[in-house]
Amino acid sequence: ISPDTTSLQNSPTAAILKAVRYFTMRTNVVTVTPWLAPIVWEGTFNPLIVDSIYKPMHLSIATTVFAVGKYVRFLRDFLETAEKHFMVDFKVHYYIFTDRREDVPAVVLAPGRNVTIIPVPGSNRWQEISSRRMEMIQTTIENQIGKEADYIFCLDVDTKFHGRWGAETLSRLVATIHPGYYEQTHEHYPYERRLASRAYIPAGEGDYYYGGATIAGYVGDVHKLAKYCREQLEADAANSIEATWQEESHLNRYLLYNKPTKILSPEYLWQDFKAKTNEVQIIRFSQVNKNYAEVRPNVKKRK
Ligand SMILES: CC(=O)N[C@H]1[C@@H](OP(=O)(O)OP(=O)(O)OC[C@H]2O[C@@H](n3ccc(=O)[nH]c3=O)[C@H](O)[C@@H]2O)O[C@H](CO)[C@H](O)[C@@H]1O
Ligand SMILES: [Mn+2]
């Protein structure tokens, strides 16, 4: 049977097919892992095709963000830039975890997008605030998100979006390569190297160093990851040990033995203080520069 080419030429997919022809692959970056998971860089996907697949699915996207103590000041920019760039045209439900409900800014959201504020206790250690996200993500998925969403994103708040972050980031289990280590090999990664910690990774092992600031995937898979990290954090605490990079260390161990199905390039997790490199054609999401002594509860001010 020969395809009906006339109707195809006139169909809405024609524009998309044409776009495919002009689509070129990236050659100066690695775009697939040794276990055949894609690594998402600008130029490896066609946004028109991606959108035409995912938008008709009417997916619900949960997004968790913690703004505890002074970090509440980062919320406005986070939300305002997310409304411009993050999963535009999708249903997005932001879950804001905070101990300062009254300081949560009122940001105008596009139709189909909404916010729920979840009260959490403060802490006088930033490491604990960052780590306890795992426990709260776990329990909130069990109590609420699990019934409401298809996919979940767990993001740092001290950040801004600068470019498209769309459905190309959807997959079962998604992690992001930390911008500080993407040019290095595993012997230089800041994995936990003490055998006494549950986050221990032996020398000679490792794929990538993943940032704790962006974790995503199917709600069920992220639940499994968060529960694992929470249990490992608690086991370490019971032995009076804290991994080098807290929950990020446990995350890296989990992902070494439970490979992500998709990896986001550092375009999806940059740091404002870092100069743009040749491989990075677009910065989509970046950590703002912060005054650690000013915003963190337990960092001493320099004299
Ligand atoms: C880019 C990146 O991968 N960042 C990770 C890195 O340092 P960061 O320097 O990015 O850590 P951070 O100070 O941003 O803390 C992580 C997050 O915890 C929350 N928070 C923290 C302190 C506070 O007083 N109030 C508050 O709300 C907030 O959502 C913040 O974005 O290592 C941390 C290890 O623990 C986390 O894994 C971060 O995700
Ligand atoms: Mn951060």
Side-chain angles (χ1 to χ4, degrees), residues 63-79 81-82 94-101 103-105 117-137 140 153-161 174-182 189-192 197 199 208-216 222 225-226 229-230 232-233 236-237 241-255 260 263-274 283-300:
T63 303
T64 65
V65 64
F66 287 71
V68 177
K70 291 183 179 173
Y71 279 54
V72 75
R73 70 179 59 175
F74 299 116
L75 262 179
R76 179 178 292 281
D77 281 348
F78 172 89
L79 290 169
T81 60
Y94 300 98
Y95 294 84
I96 299 176
F97 297 76
T98 186
D99 57 342
R100 298 196 182 183
R101 187 184 197 106
D103 295 333
V104 173
I117 299 175
I118 299 182
V120 292
S123 163
N124 52 18
R125 289 191 73 234
W126 75 268
Q127 295 90 339
E128 186 181 311
I129 298 171
S130 184
S131 297
R132 285 201 67 204
R133 291 186 291 179
M134 290 298 185
E135 175 194 336
M136 291 169 203
I137 290 166
T140 311
F153 288 86
C154 307
L155 305 175
D156 263 26
V157 74
D158 55 330
T159 52
K160 281 190 212 176
F161 291 86
V174 183
T176 308
I177 301 177
H178 193 293
Y181 301 95
Y182 82 96
Y189 298 161
Y191 288 149
E192 176 54 64
S197 167
Y208 305 95
Y209 189 76
Y210 303 106
T214 58
I215 307 165
V222 173
L225 176 153
C229 291
R230 183 242 180 122
Q232 303 293 78
L233 283 157
D236 269 8
I241 188 162
E242 183 175 83
T244 330
W245 286 103
Q246 298 81 38
E247 87 298 343
E248 188 178 77
S249 303
H250 295 281
L251 168 77
N252 271 277
R253 188 183 151 103
Y254 182 83
L255 294 172
I263 292 186
L264 307 182
S265 72
E267 294 168 1
Y268 293 85
L269 180 58
W270 202 249
Q271 289 167 314
D272 281 0
F273 64 78
K274 211 176 143 62
I283 294 171
R284 305 168 190 280
F285 184 63
S286 183
Q287 293 238 117
V288 301
N289 294 325
K290 58 185 186 285
N291 179 341
Y292 290 94
E294 224 284 294
V295 293
R296 284 180 170 167
N298 54 322
V299 176
K300 292 232 162 56

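Order of appearance sets the numbers: ligands from 1, and atoms from 1 within every ligand. Predicted model, so just to flag it, every value in this text is computed and none were measured.
Judged by distance alone, the side chain of Asp236 and the main-chain N or O of Ser197 form no donor-acceptor pair under 3.5 Å. With hydrogens and angles disregarded, a donor-acceptor distance shorter than 3.5 Å links the side chain of Asn252 to the backbone of Tyr210.
Aromatic ring pairs are classed by plane angle as parallel below 30°, tilted from 30° to 60° and perpendicular above 60°; the pair Phe78 and Tyr94 is perpendicular.
For the residue pair Ser130 and Arg133, a side-chain donor N or O sits within less than 3.5 Å of a side-chain acceptor on the partner.
Contact detail for Asp99 and Val120: the closest heavy-atom pair is CB-O, 3.2 Å.
Using a 4.0 Å cut-off between a side-chain N of Lys or Arg and a carboxylate O of Asp or Glu, Arg253 and Glu192 do not qualify as a salt bridge.
Shown here are the ring pair (Phe, Tyr, Trp, His ring centres under 6.0 Å) partners of Phe97, two or more places apart in sequence or in another chain: Phe66. For Tyr181, the ring pair (Phe, Tyr, Trp, His ring centres under 6.0 Å) partners at least two apart in sequence or on another chain are His178, Tyr209.
The distance cut-off of 2.8 Å around the Mn ion (ligand 2) captures these protein N, O or S atoms, sorted by chain and number: Asp156 OD2, Asp158 OD1, Asp158 OD2, Gln287 OE1.
Distance CD1/Ile215 to CG/Leu225: 5.5 Å, rounded to 0.5 Å.
Within 4.0 Å of ligand 1, the residues that place a heavy atom are Phe66, Ala67, Val68, Tyr71, Trp126, Ile129, Ser130, Arg133, Asp156, Val157, Asp158, His178, Gly211, Gly212, Ala213, Trp245, Gln246, Glu247, Glu248, Leu269, Gln287, Lys290, Arg296, Pro297, listed by chain and number.
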